[in-house]
Amino acid sequence: MFAIDTPPLTVSGKLHIGHVCSFTHTDTVARYQRMRGKEVFYPIGWDDNGLPTERRVQNYFHVRCDPSLPYDPGFVPPASPGQDQVPVSRRNFVELCERLTDLDEQAFEEVWRRLGLSVDWSTMYRTIDEHSRAISQRGFLRNLARGEAYPAQAPTLWDVTFQTAVAQAEVEDREVAGAYYRIAFQAGDGELVPVATTRPELLPACVALVARPGDERYSALIGTTVRSPLFGVEVPVLAHHLADPAKGTGIAMVCTFGDATDVTWWRELGLPARPVLGRDGRFVASPPAAITSRAGRAAYRQLAGETTAGARQRITGLLRTAGDLLAGPEPVRHAVNFYEKGSQPLEIVTSRQWYLRNGGRDPELAQALLEAGRQIDWHPAYMRTRYENWVSGLNGDWLVSRQRFFGVPIPVWYPLDAGGQPRYDTPIVPADADLPVDPMADPPPGYDPGQRGQPGGFAGDPDVMDTWGTSSLTPQIAARWSIDDDLAGRVLPMDLRPQAHEIIRTWLFYTLLRSHLEDGSLPWRHAALSGWVLDPDRKKMSKSAGNVVTPMDSLRRNGSDAVRYWAASGRLGVDMTFDPAQLKVGRRLAIKILNASRFVLALGPSGDLPSGALPSGALPSGEGPSGEGPAAVTEPLDSAMLGRLAQVITQCTRAFEAYDHAGALAAAEEFFWFFCDDYLELVKDRAYGERGDGPAWSARSALRLALSAVLRLFAPFLPYVTEEVWSWWLEGSVHRAAWPDPAEVLPATDGADAGILTAASAAIAAIRGAKSGARMSMRTPVRALVVAARRDHLDALMAVLPDLQAAGRVEHTELRFCDRAEPDYQITL
RNA sequence: GGGCGAUUGGCUCAGCGGGAGAGCGCCUCGUUCACACCGAGGAGGUCACUGGUUCGAUCCCAGUAUCGCCCACCA
């Protein structure tokens, strides 16, 4: 068994040439392993869970998900959308998602089939389908039962547009324009304390000032209080090592919450919380209770309901009027955290969320995960460093709950007390047999639907899981873990996880984590990381940049084998530049295989080629010399060619075993061009029978042996052309044939001498060069060829002399011994 | 700021202690006899730079520069 954890692509996006590239890499491995006799488990899945699908379904059907609504089995989306989106239940939303993504999936499937991916379509899964939801929830509940999943009320990164919490792994920073403002706080003695900030609007949320311990500028202030401008709140001045004397004025305003450091100070210094930002990113209506003065409350009223940008405008105006703005705005560009799919900076908001232990607060677990990473073979190996950087840099547990409507629900309910308040500390879990459940639609075990929201009744958890909460179980989902234990037992752990390197911190890490938490196992033994495909200007292809190359056009224009050739020539981990000109190379190779095969097979035995495969007219008749069975390879040149082929087979096999598909392709290709350009030309006349039956049949046998092996070496890369040629003369499919073994060609290599090939190639090249230099046709006869070389070289040349003379149209040859390192050729035309 | 990777002919890339290579592009020539969706030949590079190790360095080591990426950085 060789099992692959195929990436489930997000179907709401567009397939681009980069996906083709990495999927081709994996497919070559799958085909190689299949030819090696392995049973290849090569599933296919679609990721239709999560925000991209949510948005797309909303826009397409003009609906929105409202989990509080009951399921409507007869729901029909509006044919002509009105002004407002129609609210539908989660189950209706899931159905619409499946309907819409079905169309997308068909388009993706068409590309994959045309590309020749050898996935098993019968294994197809969707991350939102019933089995995936059940496995995802089962996995979560097992984490819960073991204490790995837990709820907590805590400050979290919050996207104000989508109004959901997000995890550390989904944060990216972007360089944006900002400005420094210098604000005057007032010390007890009336002295002004200037504090620099880029977020003056958070002044009403200020709970303290901090300076570095030992900073002489502020040592007198530490332990005292100062009064905030406008709001007149007394806040302590404290010391903490995270305060940076070099930033701003060296003393920082601690707010609820401006950034992650504020959270640290809040926690470590035991400060109060004065939240001012609501979940919609706007200032809440009432000021923090600490603002008691009339002036302060009046100032806050001007901020209530404002966005952060609006509030910043307002508050700087107020500060300026009050004379408390000492300096600014002084423009700066600085990095700000964004949700990777978001468009506004992340805020930090306190909320109740579910977390999954991931080593971010547990060094022992982190160590175990690092160790798990070391037990995986990374291709290329240096990608492991990225994983280790990420695991070592985690600053908290995995926040897995999302305040979205579409996704896999967190499968718990809460009992309501007599006052109708949920008791979060004693969640109710579903029976395993009932999975998947939707707590917002289904009642928990032992309750009636009518008790929903009633005192003494229950409330469903409204949240869904992070999309990675499901994707991190793709090995289990594909293997139908907990559903088909026989399959799962044979397939897990898998052999290979292919994926993009930018999601090491999410998909790869989370998958490793879930597997480790579940039973301490590894999800797979190898991880293959693909690079990116860059556009011809070396920019990363992305939808927003508008430089995406869609694959179907390339597939149609150049043929699937050509596209695969180009993709497979890229090595793992290395970015590739898309260049349409390079696609022609693969196309040329595929056509060359067709033509060379036609030539080899036309030499006989007859009947191998269908009538359409050859041009009409004279086929050299081809019964074997003595009836059935392959003829003996007797000519030294033929043996030498097969000897080289045996080495190439070994080389290709080694490369594939090391997950170096590009190396395998390069080795096969180099041999094939030698085979066509030199060997074929050298033996052509002999194969036609011009030197009699024995030598002719030696060539014909060698040609067929080589062709059979070469087709199989190319089969993982060029499945179409190899299958076509294979069908001309051999039974079954080349893709089910055995991967070539050097032993197949070695019996025919008696007397093989690699020097023969070098000597022959060099001599024919010299003859061609002479003709080309004289601007003569290659068919021009050579009146005399004089070779001066060392004895071993001449011996090698002697072995192939008849072939060389025929190929070069040489009429007379003379060999001379000499001591020169390099042979010398004198050619008289 | 920490880390990883890259730097080889016009372009895309192999190679890697001892001859500097391939394909594309370019130039020249050549079709009865597998292939014009072609073949043959040619020009073109101080292998980023500086040191070191070595009998010998494109290759190993150290440093520098440039590019790309990962992570951290919001006062």
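A note on names: the letters A, B, ... follow the listed sequences, proteins ahead of strands, and every chain is numbered from 1. In this text the structure is predicted, and so the values were computed from the model without any measurement.
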Q | Pairs involving residues 762-776 of chain A, ordered by first then second residue, that meet side-chain hydrogen bond (donor to acceptor under 3.5 Å, both in side chains) (sequence neighbours left out) | A | A:Asp678-A:Arg768
Q) Any idea which of B:C70, B:U12, B:C73 is nearest the A:Ala335 side chain? A) B:C73
Q. How would you label the contact of A:Ser569 with the nucleic acid (heavy atoms, under 4.0 Å): base, sugar-phosphate, or nothing?
A. nothing
Q: Tell me which of A:Met776 and A:Asn389 sits closer to the 5' end of RNA chain B, going by the nucleotide each one is nearest to.
A: A:Asn389
Q. If you check the A:Asp579 side chain, which of B:G25, B:G39, B:C11 turns out closest?
A. B:C11
**Q.** Qualifying side-chain hydrogen bond (donor to acceptor under 3.5 Å, both in side chains) pairs with a residue from residues 246-265 of chain A, counting only residues at least two apart or across chains
**A.** A:His240-A:Trp265
**Q.** Nucleotide nearest A:Asn337 (side chain, heavy atoms from C-beta), chosen from B:C74, B:G41, B:C35
**A.** B:C74
Q: Sequence neighbours left out, what passes side chain to side chain donor-acceptor pair (under 3.5 Å) with A:Asp173? Give chain and number order.
A: none
(Q) Going by salt bridge (charged side-chain N to carboxylate O under 4.0 Å, His left out), name the residues that satisfy it together with A:Arg571, two or more places apart in sequence or in a different chain. (A) A:Asp660
Q | For A:Arg182, all residues meeting salt bridge (charged side-chain N to carboxylate O under 4.0 Å, His left out), sequence neighbours excluded | A | none
Q | Strand contacts (RNA chain B) in residues 169-181 of chain A, 4.0 angstrom heavy-atom criterion | A | A:Asp173, A:Tyr180
Q: Report the residues that fulfil salt bridge (charged side-chain N to carboxylate O under 4.0 Å, His left out) with A:Lys592, sequence neighbours left out, ordered by chain and then residue number.
A: none
**Q.** Those residues that, when tested against A:Tyr181, pass side chain to side chain donor-acceptor pair (under 3.5 Å) (two or more places apart)
**A.** none
Q: Apply salt bridge (charged side-chain N to carboxylate O under 4.0 Å, His left out) to A:Arg174 and list each qualifying residue two or more places apart in sequence or on a separate chain.
A: A:Glu172
**Q.** From B:G5, B:C35, B:G23, nucleotide with atom closest to A:Tyr382 side chain
**A.** B:G5
Q) From B:C37, B:C38, B:U12, pick the nucleotide closest to the side chain of A:Gln582? A) B:U12
Q.
Give the residues of residues 665-677 of chain A touching RNA chain B, defined as any heavy atom closer than 4.0 Å, sorted by residue number.
A. A:Trp673, A:Cys676, A:Asp677
Q) Counting any heavy atom closer than 4.0 Å, what does A:Ala770 reach on the DNA or RNA strands: base, sugar-phosphate only, or nothing? A) nothing
Q. What is the nucleic acid contact for A:Val585, judged by heavy atoms within less than 4.0 Å: base, sugar-phosphate only, or nothing?
A. sugar-phosphate
Q. Using Watson-Crick and G-U wobble pairs whose two distances are both under 3.5 Å, how do you write the pairing of RNA chain B as dot-bracket, with | for links to another strand?
A. (((((((..((((....[..)))).(((((.......))))).....(((((..]....))))))))))))....
Q.
Students often get this wrong, so: under 4.0 angstrom with heavy atoms, is A:Arg587 touching a base, only sugar-phosphate, or nothing?
A. base
**Q.** Comparing A:Ser777 and A:Thr577 on RNA chain B - which has the more 5′ nearest nucleotide
**A.** A:Thr577
Q | Note, A:Ile593 side chain near A:Leu711 side chain (heavy atom, < 4.5 Å) | A | yes
Q: Look at all strands and tell whether A:Arg571 reaches a base, only sugar-phosphate, or nothing, counting heavy atoms closer than 4.0 Å.
A: sugar-phosphate
Q: Taking atom CZ of A:Arg217 as the centre, report whether more than 12 heavy atoms of other residues, nucleotides or ligands fall under 6.0 Å from it.
A: yes
Q: Identify, with sequence neighbours excluded, every residue that meets side chain to side chain donor-acceptor pair (under 3.5 Å) alongside A:Arg587.
A: none
(Q) Closest approach to the side chain of A:Glu681, judged atom by atom: which nucleotide of B:C35, B:G3, B:C38 is it? (A) B:C35
Q.
Can you identify which nucleotide, out of B:G39, B:U28, B:G41, has its nearest atom closest to the A:Ser772 side chain?
A. B:G41
Q: Look at the side chain of A:Trp390 and decide which nucleotide, out of B:C71, B:C13, B:A40, has an atom nearest to it.
A: B:C71
Q) Which part of the nucleic acid, if any, lies within reach of A:Lys684 when heavy atoms closer than 4.0 Å are counted: base, sugar-phosphate only, or nothing? A) base
Q: Kindly state whether the ring of A:Tyr510 and the ring of A:Tyr387 have centres lying under 6.0 angstrom apart.
A: no
Q: Please tell me which of the listed nucleotides, B:G39, B:G68, B:C74, lies nearest to the side chain of A:Asp575?
A: B:G68
Q: Tell me which nucleotide among B:C4, B:C73, B:G41 gets nearest to the side chain of A:Ala765.
A: B:G41
